[in-house]
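Computed over heavy atoms, backbone and side chain alike; hydrogens, waters and symmetry mates excluded. FYI, the numbering just counts along the sequence from 1. As the structure lists them, so they are numbered: ligands from 1, and atoms in each ligand from 1.
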Amino acid sequence: MRYGYFDDDAREYVITTPRTPYPWINYLGSERFFSLLSHQAGGYSFYRDAKLRRLTRYRYNNVPNDAGGRYLYVNDGGDVWTPSWLPVKAELDHFEARHGLGYSRFTGERGGVRVETTFLVPLGEDAEVQKVVVTNTSDEAKDLSLFSFVEFCLWNAQDDQTNYQRNLSIGEVEVELDGPHGSAIYHRTEYRERRDHYAVFGVNTRADGFDTDRDTFVGAFNSLGEAAVPRTGESAGSVASGWYPIGSHGVKVSLAPGESRTLVWVLGYVENPEDEKWADDAHQVVDKTRAHALLGRFATAEQVDEALAALQRYWTELLSTYTVRSGDEKLDRMVNVWNQYQCMVTFNMSRSASYFETGIGRGMGFRDSNQDLLGFVHLIPDRARERIIDIASTQFPDGSAYHQYQPLTKRGNDDIGSGFNDDPLWLIAGVAAYVKETGDLSILDEPVPFDNEPGTEVPLFEHLTRSFEFTVEHRGPHGLPLIGRADWNDCLNLNCFSTTPGESFQTTENKAGGVAESVFIAAQFVLYGEQYAQLAERRGLGDVAAAARKHVEDMRTAVLEHGWDGRWFLRAYDYFGTPIGTDADPEGKIWIEPQGFAVMAGIGVGAGPDDTSAPAVQALDSVNELLATDHGMVLQYPAYTTYQVNMGEVSTYPPGYKENGGIFCHNNPWVIIGETVLGRGAQAFDYYKRITPAYREEISDVHRLEPYVYAQMIAGKQAERHGEAKNSWLTGTAAWTFVAASQYLLGVRPDWDGLVVDPQIGPEVPSFTVTRVARGATYEITVTNSGTPGARGRLVVDGTPVEGNLVPYAPAGSTVRVEVTV
Ligand code: GLC
Ligand code: GLC
């Protein structure tokens with residue numbers, strides 16, 4: 001069952017009922033100011049840091065789920081309703097929510113009044129803009145009262161939800177009815193002391209009234225759906241003093257039949273320099289110069305339309321870097337639009353703010369951000385470069401790294417610290433992807449400090465060396481890398497035997513390390529160790545490259561000797577040196593991560609897709625047999641049914657959820673890529689479709705989350721609710737599925753000296769064209785595809801047949817035509 005449809009030409013998903021199984025959201029903003037916006041106008045806004053600079057309040061765990069957002073109440077002759085359906089829930093004659101790239105447009109109609117609201121965060125602005133068009137669709141005159149509503153958050157979202165003894169006394173606002181561009185409400189809590197910023201909520205007309213005190217507007221005993229002021233039809237003119245500051249403008253609109261009126265609301269963030277804080281210091285009146293300038297830039301509907309057009313041009317330009325025409329509309333819309341869009345959002349948000357992440361818990365992850373880069377670097381390489389430097393600056397001199405850092409301060413997060421032994425190697429992955437995309441080797445010379453300590457700067461390449469050496473120097477009894485607190489799987493905590501409720505599995509390390517080893521990190525080392533060697537070569541360090549390759553070969557051998565169970569790769573050795581992920585165990589026999597990663601790294605790849613003596617072939621066949629389901633591949637099987645104290649968090653989840661046998665989508669693309677390495681494109685494409693949202697749209701009632709973005713998890717085969725997704729949007733799945741689809745299934749990937757073209761998508765896609773812009777040149781790649789297992793493409797470049805699968809980079813500005821026959 002569906003709840004909407006894709007409008008591919010408009011690059012929008014159109015939701016046709018407010019009653020989706022869960023709030024289906026969008027993100028506005030891609031620079032400093034961000035908003036989460038559900039199809040029912042729920043969500044919140046923040047400036048740069050979802051925890052420390054939250055503009056509006058949102059209550060997670062709320063009843064109903066999605067109450068709290070930016071609402072417009074309509075009072076039409078006593079009939080009170082909200083065009084977003086929530087919170088009033090008066091039935092609508094027509095409802096439509098369109099989520100586009102960085103904007104959304106909602107239409108609600110009732111009783112002959114249509115309200116169409118376009119939300120966007122314009123490029124270069126620290127504000128959410130709403131253009132509201134109210135139309136009288138009836139055949140009689142209408143006198144309407146409109147009431148806007150936002151609830152301000154007192155900036156620090158965590159403190160805002162905990163520190164009521166202080167916070168209920170500090171709320172302050174200023175109201176300006178006769179401002180230069182209409183009426184505005186200023187939220188200025190804590191501005192009197194150390195804050196240099198305030199929020200402004202303005203409308204481009206002189207309002208007929210306002211409210212800033214929540215209890216007055218809503219009524220002390222009401223829910224938002226029963227708000228008092230909209231019912232009376234008159235703003236009360238309340239001025240918040242402590243308690244719960246809100247912003248509401250009352251605007252009266254009289255419309256003849258067929259007539260429309262357009263209004264613009266702006267919710268902005270403004271920072272003033274210390275010496276320009278006050279317009280009137282003695283009376284503590286906020287200096288509003290910058291706010292007025294902001295409101296002046298969106299004082300007319302035309303200004304908003306121009307900003308929306310600019311945003312659309314921006315996305316057209318970004319997405320032109322990689323496009324495919326395949327004849328499979330689901331593949332095309334995911335690759336061309338939605339997967340890339342999600343990559344931008346994960347790059348910006350890391351794992352901070354979604355409908356499953358509160359924006360207060362997690363900063364930027366070291367491993368997460370490096371992986372997010374893989375799906376983003378082609379869009380805006382300069383921002384990827386900046387991000388790489390930020391991430392590397394949180395590394396320690398011994399090569400280990402803070403697991404997370406705070407985006408506002410860029411400092412490592414001491415609460416979590418380090419000790420996740422996969423983290424360092426992801427830095428090599430991120431840097432290699434950046435250099436392959438751009439050719440910018442100068443990044444390797446960039447001076448980068450350790451732990452942000454001025455004076456400790458060394459060239460970035462030295463950071464990569466420390467990453468590499470860290471793994472070399474932290475190997476266990478089998479020559480495999482020590483796992484530390486965890487590897488990619490945050491929940492495999494082999495040095496933490498926890499029996500205390502609530503204790504963190506990630507930060508508690510109550511067993512001495514030194515024994516527990518990770519086969520996953522070993523595979524990661526083989527893959528990224530080779531990339532490190534290639535980077536060293538490009539710096540003319542042949543001896544460094546040779547020495548690195550020796551370590552890589554040793555690791556490859558160690559994996560095949562000590563990391564192999566007989567039909568698949570082992571997962572780890574635990575604290576006692578006992579193997580994990582072995583057929584001998586009743587549960588947790590086989591784990592997905594080392595299977596996908598080892599094959600991706602080329603470990604045990606034999607003589608082709610049918611070489612059943614090859615460990616890689618056996619491992620992926622076992623994955624298919626034991627882990628694959630119609631909804632994707634589960635993380636391990638069988639899931640643990642009881643708590644395993646020696647393994648940490650993994651078995652805390654009920655069977656089939658999250659890391660305990662859930663379909664943890666992030667690692668599915670590793671197997672997909674692994675299948676393409678083996679030349680089994682049909683299998684790879686089949687797996688891709690099982691987790692990819694556009695192909696799951698028809699089962700939206702089962703999947704339940706947005707059909708346009710990936711979710712972190714889909715409940716596994718042992719779960720009560722097999723097939724149900726959770727944690728949409730902020731997941732490494734976005735970057736990795738884009739890499740899998742664009743670089744391995746369609747097979748166009750940037751390498752050091754050219755584009756590799758090696759499609760492996762199986763016979764279901766008999767022909768396709770990829771347009772790829774790389775280093776300023778455009779490549780038109782037309783593929784005729786038999787899909788035969790093991791077949792590799794023959795290339796004709798600008799009319800000349802070439803050996804191998806590399807198309808050398810052409811000068812910027814040129815167009816290269818590539819014909820491929822598989
Ligand atoms: C989450 C984390 C990521 C981790 C994964 C598996 O997605 O953000 O860092 O690798 O879970 O535990
Ligand atoms: C990852 C895992 C999650 C775990 C968390 C701990 O996000 O997905 O299950 O609780 O890491 O930080």
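The closest protein non-hydrogen atom to atom 3 (C) of ligand 2 is Y653 OH, 3.5 Å. Looking at atom 10 (O) of ligand 2, its nearest protein heavy atom turns out to be E649 OE2, 2.7 Å. Counting only heavy atoms of the protein, atom 7 (O) of ligand 2 lies nearest to R362 NH2, 3.2 Å. Looking from atom 8 (O) of ligand 1 to the surrounding protein, the closest heavy atom is D368 OD2, 2.9 Å. Scanning all protein heavy atoms for the shortest distance to atom 4 (C) of ligand 1 gives W488 O, 3.3 Å.
R704 places a side-chain N or O within donor-acceptor distance of the main-chain N or O of P21, the cut-off being under 3.5 Å. Looking only at distances, no side-chain donor or acceptor of N339 sits under 3.5 Å from a matching main-chain atom of V335.
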Would you sort out whether Y528 and F468 count as a ring pair (Phe, Tyr, Trp, His ring centres under 6.0 Å), showing the intermediate values? CA-CA 9 Å; Y528 298 129; F468 183 86; over 10 Å; no
Working for side chain to side chain contact (heavy atoms under 4.5 Å, CB included), residues Y575 and F497: CA-CA 10 Å; Y575 173 75; F497 287 33; 3.8 Å; yes
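With N489, D490, N493, I416 as candidates, the residue nearest to atom 5 (C) of ligand 2 on a non-hydrogen basis is D490.
Counting heavy atoms closer than 4.0 Å to ligand 2, residue R351 contributes nothing at all.
Each of W426, F597, W670 was scored for a ring pair (Phe, Tyr, Trp, His ring centres under 6.0 Å) with W488, with one residue passing: W670. For the pairing with Q395, the side-chain hydrogen bond (donor to acceptor under 3.5 Å, both in side chains) check across S467, S400, S418 returns one residue only, S467.
When side chains are defined from C-beta on, I663 does not count as touching M713, because their heavy atoms never get closer than 4.5 Å.
Taking the six-membered ring where tryptophan is involved, the planes of Y60 and Y58 are perpendicular, since the angle between them exceeds 60° and thus also 30°.
Ligand-side atoms of ligand 1 in range of F664: 5 (C), 6 (C), 7 (O), 11 (O), range being under 4.0 angstrom from any heavy atom. For ligand 2, the atoms lying closer than 4.0 Å to a non-hydrogen atom of Q506 are 6 (C), 12 (O). Of all the atoms in ligand 1, the ones that sit under 4.0 Å from a non-hydrogen atom of R367 are 3 (C), 4 (C), 9 (O), 10 (O). Each of the atoms 1 (C), 7 (O), 11 (O) of ligand 1 lies under 4.0 Å from some heavy atom of Q712. With ligand atoms numbered from 1 in the order given, ligand 2 contributes 1 (C), 2 (C), 3 (C), 8 (O), 9 (O) to contacts under 4.0 Å with heavy atoms of E659.
For H666, the closest heavy-atom approach to ligand 1 does not fall below 4.0 Å.
Going from atom OH of Y710 over to atom OG1 of T737 covers 3.5 Å, rounded to the nearest 0.5 Å.
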